[in-house]
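Everything quoted here is computed from the prediction, not taken from an experiment. One-based numbering, in listed order, for ligands and for the atoms of each. Values below: every heavy atom of this structure, side chains too, minus hydrogens, waters and symmetry copies.
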Amino acid sequence: MAFVTRQFVRSVSSSSTASASAKKIIVKHVTVIGGGLMGAGIAQVAAATGHTVVLVDQSEDILAKSKKGIEESLRKVSKKKFAENPKAGDEFMQKTLSSISTSMDAASVVHSTDLVVEAIVENLKVKNELFKRLDKFAAEHTIFASNTSSLQITDIANATTRQDQFAGLHFFNPVPLMKLVEVIKTPMTSQKTFESLIDFSKTLGKHPVSCKDTPGFIVNRLLIPYLLDAIKLYERGINTHGNSKSGSGYSLNSDASKEDIDTAMKLGAGYPMGPFELLDYVGLDTTKFIMDGWHEMDAMNPVFQPSPTLNELVAEKKLGKKTGEGFYKYK
Ligand SMILES: NC(=O)c1ccc[n+]([C@@H]2O[C@H](COP(=O)([O-])OP(=O)(O)OC[C@H]3O[C@@H](n4cnc5c(N)ncnc54)[C@H](O)[C@@H]3O)[C@@H](O)[C@H]2O)c1
């Protein structure tokens with residue numbers, strides 16, 4: 001589709017904007033930027049709940065992979081949801097897939113979208129560049145949201161002229177299964193934007209909770225220090241004389257093995273996964289990135305101290321399930 005200027009968007013949307021200023025935005029059309037793990041899941045759930053979706057990424061290959069992943073995930077969902085009626089399941093799948101189109105140029109597709117959900121690489125400069133550009137092309141009423149796990153929403157929103165229409169919409173992995181969405185309100189986010197996003201989250205079948213723009217929001221602020229503490233427990237038991245820290249050597253004074261820590265938290269605390277299983281599932285690079293960001297922000301905070309074992313595993317490209325090895329081997 002050809003580029004549409006902000007001027008043009010202003011004129012075509014002026015009548016709807018006047019009434020929209022008084023009312024919440026009812027999100028019907030969603031643009032999801034980034035077709036990776038999170039973006040593909042967000043696109044899938046939005047399409048499955050009656051929204052039209054454009055999924056944007058940088059290459060045809062990535063988008064083809066995203067669509068294939070969405071199709072596979074939808075097949076599982078429809079098998080479960082329509083166990084008694086496979087024909088209805090097929091129709092649900094086809095309808096959902098036909099609601100998702102793809103593009104490699106975000107600016108050309110946001111002129112008539114109600115909501116942009118960004119799920120690209122966790123890098124402030126790249127996110128700022130993206131939103132600065134989209135700000136010029138998106139319709140006046142369009143809400144911008146970031147799925148960032150660790151960056152300040154305010155810092156991302158500052159690249160735009162619509163800080164009042166900017167918020168965090170933090171989904172959890174895997175998006176089709178995880179019920180929670182954290183809706184992040186910055187000091188500049190309008191009540192109308194915030195409420196529109198709460199409503200949107202509910203239409204997705206999710207349970208929204210609200211949080212201020214603080215590091216890690218709710219879940220990661222509590223979860224990441226817990227995961228890092230589990231690594232510290234494990235580090236205290238590692239034989240540091242010659243063995244790789246990511247190896248399996250333990251000193252006689254070992255606090256506990258990672259296997260026992262995982263079992264303990266599952267059977268003793270009722271967690272569905274142990275901390276090392278969860279670390280491998282989330283991706284060790286993601287956890288390291290979040291902790292590094294917090295450490296940079298507040299280096300003296302004892303909770304925000306980096307982990308030598310985590311750093312070593314990431315340097316060795318052992319990032320967890322996605323690379324076949326992290327704390328555990330998956331090959
Ligand atoms: N992985 C998680 O468990 C998780 C959970 C919640 C939030 N998040 C956040 O979601 C975001 C995405 O994470 P992910 O795990 O899906 O990453 P990912 O690496 O799986 O996917 C990111 C995608 O964005 C694309 N991309 C990068 N720059 C782009 C650009 N300028 N324009 C369009 N596409 C671009 C990449 O090609 C890639 O396909 C991050 O901000 C992350 O912090 C991740």
Filter on side-chain hydrogen bond (donor to acceptor under 3.5 Å, both in side chains), then keep only pairs touching [range], sequence neighbours left out; what's left?
{"range": "residues 163-180", "answer": "S149-H170, H170-E182"}
{"range": "residues 77-89", "answer": "K87-E91"}
{"range": "residues 29-49", "answer": "H29-T113, T31-T113, Q44-S73, T49-H51"}

Can the ring centres of F82 and F92 be said to be less than 6.0 Å apart?
yes

Measure up the F327 and Y234 rings against each other and bin them: parallel (under 30°), tilted (30 to 60°), perpendicular (over 60°).
perpendicular

Protein residues having a heavy atom less than 4.0 Å from any atom of ligand 1:
I33, G34, G36, L37, M38, D57, Q58, I62, A119, I120, V121, E122, K127, N147, T148, S149, H170, F171, N173

Of all the heavy-atom pairs spanning I218 and S210, show the shortest one and how long it is.
CD1-O, 4.0 Å

